[in-house]
Asker: 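Shown below is the structure under consideration.
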2 protein chains.
Amino acid sequence: MKTKLFIVDDHYMVIEGIRSMLQDEPSIEWQGYANTAGACLSFLQLHVPDVILMDINLPDMSGLDLCREVLRKYPTVKVIGLSTFNQLSFISKMLDNGASGYLLKNAPKAEILTAIEVVMKRQQYLSLEASEMMKKNGEEEAPTLTRREIEVLQLIAEGYTNVEMSEKLFVSTTTIDTHRKHLLAKFEAKNTASLIRLATKMKFV
Amino acid sequence: MKTKLFIVDDHYMVIEGIRSMLQDEPSIEWQGYANTAGACLSFLQLHVPDVILMDINLPDMSGLDLCREVLRKYPTVKVIGLSTFNQLSFISKMLDNGASGYLLKNAPKAEILTAIEVVMKRQQYLSLEASEMMKKNGEEEAPTLTRREIEVLQLIAEGYTNVEMSEKLFVSTTTIDTHRKHLLAKFEAKNTASLIRLATKMKFV
DNA sequence: TTATCACTCCCCTTTTTCAGGGATTTTTGT
DNA sequence: ACAAAAATCCCTGAAAAAGGGGAGTGATAA
């Protein structure tokens, strides 16, 4: 029984690479690829693969959202996240959204095959390098922010003062101050500078 | 006369993709690939290709430095930078370091061939999407900072206050304050928050 | 039907940063 | 050797942020 494989990635080179590596594998049935989340969802209306290799960064939708969406509609599909080193902060969120595993884009052929085998057995596959990176970077996990906090955070990063924000958002300056305190607490930052640095690294800004 | 092609990228999928796309091209002679800057330099001692496709991010050295190093030793080589969208800020630096062109990793086969042709004619190849992105982001140029200013900037980003920095660097708090004023002026930032945001985007932090 | 959470608002105090100056001493490049 | 750039130090006053409290409302989920 061949494993039906589909790929979503906006880099032709990556798609070509995987296709070239796996097209002669007897255990794999290459179903095709999509460059965008939209193209992926369209394809799934016609064919449902066993495994989807999915890039974290897509032009029209984040891989996070696409993953959730796909699994909501087609719960039997196994999703394996694809990423490069510097995007590891997203991976745990990807797993939270139901992905069965993740691979780094420098994975050799054997590792890709192993990952597909493992997730087909309904187990989780985590690449070694990546899970090590997770431990290192895992200490600084991105906090959960509310809508308003994200809004304020982004205005702070743009250089707005509390007074300016209060005028822009039609609330009191003390309200902004409260949001600010919550932001500092959630990021465990002692001042605006470290807050913005952390927020930028965690892609909030 | 075939064009001798070599690739430096730490993602197997990208290497496989390019190899698969170009291996049957009559105009291209595939010379091989390297995963690291070190491996690349070793290879070049034995064979000198016509064109090198070079990723901006390598594990052991930045593509910027590798590009400069390679061109210093082998000035006849043409280097084409490879990148994804979010690394465009590096591209202009890559060109400054002597690269002949750059491609995005979602480039189709035809574009890669065009790029190789163009740089072989000693012309520069800039991918359309990327050069557009350059224009947008090109307006905010990174200012020139002194050693001390970079030092202070990084400490600010880590959350140090002026007093803490003055103790760490064994200077007066007023000195730190002066550096800080210069930083704000150079970045045209009105406060610490926007300073750190800009500095992070420009890779100072 | 209570908690819980997000959002809002207020008080007070202290610390830190910003905005203006001005000025001296090292480095560094030519 | 000399000019330019960098690094150092100082003053004052105003503005902004941080630290520490408390508290009411509305929505929503258990």
Side-chain angles (χ1 to χ4, degrees), chain A residues 64-65 68 72 93 96-98 140-205, chain B residues 96 140-202 204-205:
Chain A
L64 265 26
D65 297 330
R68 192 173 348 93
R72 196 176 57 74
K93 289 182 188 166
D96 290 344
N97 280 348
E140 25 175 345
E141 275 176 29
T144 306
L145 303 183
T146 67
R147 270 199 307 283
R148 211 51 160 172
E149 282 163 356
I150 292 173
E151 211 172 353
V152 170
L153 174 58
Q154 287 166 349
L155 291 176
I156 293 173
E158 284 172 35
Y160 283 74
T161 66
N162 289 352
V163 175
E164 289 165 352
M165 284 185 269
S166 73
E167 285 164 357
K168 190 177 178 75
L169 301 181
F170 304 108
V171 293
S172 156
T173 59
T174 62
T175 302
I176 302 292
D177 203 58
T178 305
H179 290 313
R180 221 171 168 134
K181 284 173 192 170
H182 290 159
L183 284 167
L184 289 174
K186 285 187 177 179
F187 280 93
E188 295 176 72
K190 55 175 290 192
N191 55 31
T192 304
S194 51
L195 171 68
I196 298 302
R197 177 175 128 271
L198 292 171
T200 310
K201 292 221 184 290
M202 294 173 187
K203 316 278 181 191
F204 283 105
V205 178
Chain B
D96 290 344
E140 23 175 347
E141 279 174 27
T144 307
L145 303 184
T146 68
R147 270 198 308 284
R148 210 51 159 173
E149 282 163 356
I150 292 173
E151 210 173 355
V152 169
L153 174 59
Q154 286 167 349
L155 291 176
I156 293 172
E158 284 173 35
Y160 283 75
T161 67
N162 289 351
V163 175
E164 289 165 352
M165 283 185 269
S166 74
E167 283 164 359
K168 190 177 178 75
L169 301 181
F170 304 107
V171 294
S172 156
T173 59
T174 62
T175 303
I176 302 292
D177 201 57
T178 303
H179 290 313
R180 219 169 168 136
K181 284 174 195 170
H182 291 159
L183 284 168
L184 289 174
K186 286 187 177 180
F187 279 93
E188 295 176 75
K190 57 174 288 190
N191 56 30
T192 305
S194 51
L195 171 68
I196 297 302
R197 178 175 127 271
L198 292 170
T200 310
K201 291 222 186 289
M202 294 172 187
F204 284 105
V205 178

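Below, chains carry the letters A, B, ... as their sequence lines are ordered, and counting in each starts from 1. The basis for the numbers below is simple: all heavy atoms, side chains too, and nothing from hydrogens, waters or symmetry mates. All values derive from a computational prediction rather than experimental measurement.
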Asker: Which nucleotide, dG19(D), dC18(C), dA17(D), lies nearest any side-chain atom of Thr192(A)?
Answerer: dA17(D)

Asker: When you check the phosphate oxygens OP1 and OP2 of dT16(C), does a side-chain N or O of Asn162(B) lie under 4.0 Å from one of them?
Answerer: no

Asker: If every non-hydrogen atom of Leu153(A) is compared with every non-hydrogen atom of Phe204(A), which pair is closest and at what distance?
Answerer: CD2-CB, 3.7 Å

Asker: Is it true that, when you exclude Glu158(B) itself, more than 12 heavy atoms of the residues, nucleotides or ligands shown sit nearer than 6.0 Å to its CD?
Answerer: yes

Asker: Is it the case that over 12 heavy atoms from other parts of the model lie below 6.0 angstrom from the CD atom of Glu164(A)?
Answerer: yes

Asker: Which residues, if any, of residues 146-160 of chain A bring a heavy atom under 4.0 Å of DNA chain C?
Answerer: Thr146(A), Arg147(A), Arg148(A)

Asker: With a 4.5 Å heavy-atom cut-off, do Thr175(B) and Leu169(B) have their side chains touching?
Answerer: no

Asker: Check the distance between dG21(C)'s P and Lys181(B)'s NZ and give it to me in whole angstrom.
Answerer: 10 Å

Asker: Counting neighbours of NZ on Lys168(B) that are heavy atoms of other residues, nucleotides or ligands and sit closer than 6.0 Å, is the number greater than 12?
Answerer: no

Asker: Please report the end-to-end axis angle for the helix from dT1(C)-dA30(D) to dT28(C)-dA3(D), five pairs per end, rounded to 10 degrees.
Answerer: 70°

Asker: How long is the line joining NE2 of His182(B) and P of dG21(C), in whole Å?
Answerer: 13 Å

Asker: Less than 4.0 angstrom between a side-chain N/O of Thr178(B) and OP1 or OP2 of dA7(D), yes or no?
Answerer: no

Asker: Where the side chain of Thr175(A) is concerned, which of dA18(D), dC9(C), dC18(C) is the nearest nucleotide?
Answerer: dC9(C)

Asker: OP1 or OP2 of dA6(D) sitting under 4.0 Å from any side-chain N/O of His179(B)?
Answerer: no

Asker: If you define the side chain from C-beta out and look only at heavy atoms, does anything of His179(A) sit under 4.5 Å from Glu151(A)?
Answerer: no

